[in-house]
A.B. asks: 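Take this structure first; my questions come after.
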There are 2 protein chains.
Amino acid sequence: MAEVPRRGPYICGIDAAFDVVSGKWKGLILWELDAHGVRRFSELRRGLPGVSEKMLTQHLREMEADGLVHREVYAEVPPRVEYSLTEHGHTLNKALEPLGAWGIERMGREGSERAVVVETPHG
Amino acid sequence: MAEVPRRGPYICGIDAAFDVVSGKWKGLILWELDAHGVRRFSELRRGLPGVSEKMLTQHLREMEADGLVHREVYAEVPPRVEYSLTEHGHTLNKALEPLGAWGIERMGREGSERAVVVETPHG
DNA sequence: TCGCTCCCTTACTAAAAGGTAAGTACCGCA
DNA sequence: TGCGGTACTTACCTTTTAGTAAGGGAGCGA
């Protein structure tokens, strides 16, 4: 239901890549899986402070359908599911690195040029 | 009004960078301005098929506030406004290049693996 | 037996993003 | 006098995205 067809005719590569990483937590999921290699559902949940179970499931399903993550289900009785990055997920993460570096530079610029207070709102 | 505070405490650089490029047309605007150097409002509108005036204005304003585009207004009588990328806009575009390349590869994979037709709908 | 953990699913609701359409002020052209 | 072009702004509505809350089935400790 919530599954939109997506994968429409893309105008450029950015467009196609954004289609796959747009979503509030997808970047973080990618990061977590890259940093830890393999993670269980509940581990991811704890690693992404504030994510709801619904969104985590939904994003993981979409990323699985997009070939970014691998989902391994163990037919045990306390159910166990392990998530890891596929090769495409790893290359995507690599491709995101320069963007992350740009973002970090930007955070530094904001802090120095505009002296934006990001801490406690009424401190 | 539509201006959300944004610039919240970011978790990582990707987060900060995404805050700045998330928006249906921002990637394309960046691309257009990078390709042409300087563009007028109506030129951008024609270059982004399907964009509404409202969205184009809104995105350009946000990108200006984020220090990505420069806006030059000429006090002429048919009003003339020219947009161009700032240096930060250029570096952002550079940082997006690997992601674009990844997206293009992905489009190729989809085309071969799933045989999705992405070409001109009616010739 | 109760409640806890695990990994989800479903329904409902709120917020954000985006689209449509109209209005603004000025000019040149026919 | 009316139309089109320029660069927007505003109001209203729809779509998309995300959050909240609840349930489900099975084992395990108290």
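So that the names make sense, note that chain A is the first sequence line, chain B the second, and so on, each numbered from 1.
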A.B. asks: Between C1' on D:dT17 and NZ on A:Lys24, what's the gap in Å once rounded to a whole number?
C.D. replies: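 So the two atoms are 10 Å apart, to the nearest Å.
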A.B. asks: Given D:dA7, C:dG18, C:dT10, identify the nucleotide with an atom nearest to the side chain of A:Lys54.
C.D. replies: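 The closest nucleotide is C:dT10.
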A.B. asks: Between atom CD in B:Gln58 and atom P in C:dA16, what is the gap in whole Å?
C.D. replies: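 From B:Gln58 CD to C:dA16 P: 13 Å.
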A.B. asks: Considering only side-chain heavy atoms of B:Pro79, which listed nucleotide, D:dT20, D:dA7, C:dG18, is closest?
C.D. replies: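 My answer, after comparing the listed nucleotides, is D:dA7.
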A.B. asks: Check whether any side-chain N or O of A:His59 sits under 4.0 Å from OP1 or OP2 of D:dA18, and answer yes or no.
C.D. replies: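 Yes, A:His59 has a side-chain N/O under 4.0 Å of OP1/OP2 on D:dA18.
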A.B. asks: Base, sugar-phosphate, or nothing for A:Ser42, non-hydrogen atoms under 4.0 angstrom?
C.D. replies: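 Sugar-phosphate: the residue A:Ser42, judged by heavy atoms under 4.0 Å, touches backbone atoms but no base.
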A.B. asks: Quick one: do B:Arg80 and B:Glu72 satisfy side-chain contact (heavy atoms from CB on, under 4.5 Å)? Show the steps, please.
C.D. replies: CA-CA 8 Å; B:Arg80 186 158 62 102; B:Glu72 188 83 42; over 6 Å; no
A.B. asks: Got a donor-acceptor contact below 3.5 angstrom from the B:Asn93 side chain to the B:Asp34 backbone?
C.D. replies: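 Not at all, since once roles are kept as given, no pair shorter than 3.5 Å links the two residues.
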A.B. asks: Identify which nucleotide among C:dC7, D:dA7, C:dT9 has an atom closest to any side-chain atom of B:Phe41, counting heavy atoms from C-beta outward.
C.D. replies: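 It is D:dA7.
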A.B. asks: Send over the distance from A:Tyr74 OH to C:dT5 P, rounded to a whole Å.
C.D. replies: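 Going from A:Tyr74 (OH) to C:dT5 (P), I get 23 Å.
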A.B. asks: Below 6.0 angstrom between ring centroids: does that apply to A:Phe18 and B:Phe18?
C.D. replies: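 Yes, close enough.
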A.B. asks: Using whole Å, what does the distance between atom P of nucleotide D:dT20 and atom CG of A:Leu56 come to?
C.D. replies: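 Taking CG of A:Leu56 and P of D:dT20, I get 14 Å after rounding.
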A.B. asks: So how far is it from B:Lys26 NZ to B:Leu60 CG, rounded to the nearest 0.5 Å?
C.D. replies: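 Here the interatomic distance stands at 9.5 Å.
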A.B. asks: C:dA16 P sits how many Å from B:Asp19 CG, rounded?
C.D. replies: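 My rounded result for the distance is 13 Å.
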A.B. asks: Without decimals, in angstroms, what is the distance between A:Arg61 CZ and C:dC7 P?
C.D. replies: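 After rounding, the reported distance stands at 12 Å.
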A.B. asks: In terms of side-chain geometry, is the basic nitrogen of A:Arg39 or A:Glu82 positioned less than 4.0 Å from the acidic oxygen of its partner?
C.D. replies: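 Answer for the salt bridge query: no.
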A.B. asks: OP1, OP2 of D:dG19 versus side-chain N and O of A:Trp25: anything below 4.0 Å?
C.D. replies: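 Indeed, a polar side-chain atom of A:Trp25 lies that close.
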A.B. asks: Under 4.0 Å, counting only non-hydrogen atoms across every strand here, what does A:Arg71 touch: a base, just sugar-phosphate, or nothing?
C.D. replies: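 Touches sugar-phosphate only.
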A.B. asks: If you find the nucleotide of DNA chain D closest to A:Pro78 and the one closest to B:Tyr83, which residue's nucleotide is nearer the 5' end?
C.D. replies: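 First, find each residue's nearest nucleotide; the 5'-ward one identifies B:Tyr83.
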A.B. asks: CZ of B:Arg80 versus P of C:dC27: gap in Å, rounded?
C.D. replies: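 Atom CZ in B:Arg80 sits about 17 Å away from atom P in C:dC27.
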A.B. asks: Is the phosphate of D:dA7, meaning OP1 or OP2, less than 4.0 Å from a side-chain N or O of B:Arg40?
C.D. replies: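 It does, given that an N or O in the side chain of B:Arg40 lies less than 4.0 Å from OP1 or OP2 of D:dA7.
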A.B. asks: How many Å lie between CZ on B:Arg39 and P on D:dA7, as a whole number?
C.D. replies: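 So the CZ-P distance, B:Arg39 to D:dA7, works out to 12 Å.
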